[in-house]
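Read through the structure below, which is laid out as structure tokens, and then see the notes.
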Protein chains: 2
Amino acid sequence: MKEKFRHAKTKVGEKSFNKIVKAGKILFAKSGYHSTSINDIIAKANVAVGTYYIYFNSKLALYHYLLDEYQEKIREAAREATQGLTTRREIEREGLKAFIMYAMKEPLAYKVIWESLFVNQDLFIDYYSRFSKSYIENLKKFKTEVREDIDLETVSFILMGIANFVGLQILFKDNPHEKDVDFVVNESMKLLDRGLFK
Amino acid sequence: MKEKFRHAKTKVGEKSFNKIVKAGKILFAKSGYHSTSINDIIAKANVAVGTYYIYFNSKLALYHYLLDEYQEKIREAAREATQGLTTRREIEREGLKAFIMYAMKEPLAYKVIWESLFVNQDLFIDYYSRFSKSYIENLKKFKTEVREDIDLETVSFILMGIANFVGLQILFKDNPHEKDVDFVVNESMKLLDRGLFK
DNA sequence: CCTGAATATGAATTAATGTTCATATTTCAC
DNA sequence: GTGAAATATGAACATTAATTCATATTCAGG
């Protein structure tokens, strides 16, 4: 494990930590992982090189940290959007919408996750494998609603594929709005209504 | 334009050119663009550095050359796999299978398209927008088979999403085989049979 | 205030790598 | 066979970038 970070133990340290994280978010999103140097990061964060290495022990470590944070945020957005809902159909709909809305608000997160395939393939595989597994567990809880004759792992990748690419469809638009999201979510649900649900 | 290559003018030169191309394919596919060095390439190709620069005037030049070659091959694979087929369902099935099989055989081709989001975002958008448009045109020809109550643009992105992510599912496996492809294609078609087709 | 721990600093180190070039060898059309 | 063009070679160059470390400063509990 080379991609480790270290929490600050002081208010001052925390400030430096946060400055580094913020700079990393902006720069990785703008220029990508390989084109962003530690130098760029510390310059933007207004911090010395040594300070960087107090909190992150490599360049990859910061990237890894951001990936985890974004994953958590996406999960959180989905959780909030679906809490209280009882039918799998409604959960799927609102989860899909929450994902696309998040991608619209934070296209950087979206980009960073996709890029991980080229930064570190293991990170990428790990990210989507974890997502798939949690998807499968959740789908299992709704046996009465979800078709039982389709492999759930495949279903999980299909649903991730739909979310990601329908998300792209929105991101390609010039000035996307919530109504655009509602539209594609609606259309997607038409397919899932007959194809996925009983 | 820095990404230029130069055809050999001799049998001997052609041999060197091909050795470089072959080495590039293997190494870029295994480690990705940034993690592969010119040194790695010439070592694998068994060629001197100077020889590399006779045929390609930069590292990017080789990558671009491979990109163009793969793009052509992808089109060809899809065309071959679906020619002669008459029902939209069969075209969709065989097109999906051909795409994943190709991605399995040439993972670089697959990676490269995703990577273009970070190399040149316009290229990426252009690629998928064009794909979507041609998908829509083709779907329109099968009004008797395809549901008419779903927006075709959304359908096109859904289908691209399924292909790409179910493809991922296969690529994540340790030693994927054709039977794995058949399996996920089958499962995907179950969803489309009820969800997309009449 | 004292003091050990935490944090900050940036020059120096180390390593990698893309590219050039002067020179040597080979090819092939004539 | 000849010679000009094509090809081959790899040491040298130039640049960039990640990481380390000795030293200085600041923090926070007692």
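Each chain gets a letter, A, B and so on, in the order the sequences are listed, and its residues count up from 1. What you see is a predicted model, and the numbers here were worked out from it, not measured in a lab. Just so you know, these numbers use all the heavy atoms, side chains as well, and skip hydrogens, waters and symmetry mates.
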With sugar-phosphate meaning primed atoms plus P, OP1 and OP2, does [X] contact a base, only sugar-phosphate, or nothing at under 4.0 Å between heavy atoms?
X: B:Val49; value: base
X: A:Thr51; value: base
X: A:Tyr55; value: sugar-phosphate

Within this structure, what is the [atom1]-to-[atom2] distance between [X] and [N], rounded to whole angstrom?
X: A:Lys15; N: C:dA8; atom1: NZ; atom2: P; value: 11 Å
X: A:Phe5; N: D:dT19; atom1: CZ; atom2: C1'; value: 20 Å
X: B:Ile38; N: D:dA12; atom1: CD1; atom2: P; value: 20 Å
X: B:Leu27; N: C:dG18; atom1: CG; atom2: C1'; value: 16 Å

Regarding B:Asp126 and B:Ser129, do their side chains bring together a donor and an acceptor under 3.5 Å, going by distance alone?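 No, B:Ser129 and B:Asp126 have no side-chain donor paired with an acceptor closer than 3.5 Å.
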Are OP1 or OP2 of [N] and a side-chain N or O of [X] less than 4.0 angstrom apart?
X: A:Thr10; N: C:dA6; result: no
X: A:Ser16; N: C:dA8; result: yes
X: B:Arg6; N: D:dA6; result: no

Check whether A:Tyr52 reaches the backbone of A:Phe17 with its side chain - one donor and one acceptor, N or O, closer than 3.5 Å.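 A pair under 3.5 Å: no.
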Select from B:Lys9 and A:Tyr52 the residue whose nearest nucleotide in DNA chain C is closer to the 5' end of that strand.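 The 5'-side residue here is A:Tyr52.
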Can you figure out which of C:dT9, D:dG10, C:dG18 approaches the side chain of B:Lys59 most closely?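 Looking only at heavy atoms from C-beta outward on B:Lys59, the closest nucleotide is C:dG18.
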Could you check whether any side-chain heavy atom of A:Val155 comes within less than 4.5 Å of a side-chain heavy atom of B:Glu187, counting everything from C-beta outward?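 The answer is no; the side chains never approach within 4.5 Å.
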B:Asp149 atom CG: more than 12 heavy-atom contacts under 6.0 Å: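 Buried by this count: over 12 neighbours within 6.0 Å.
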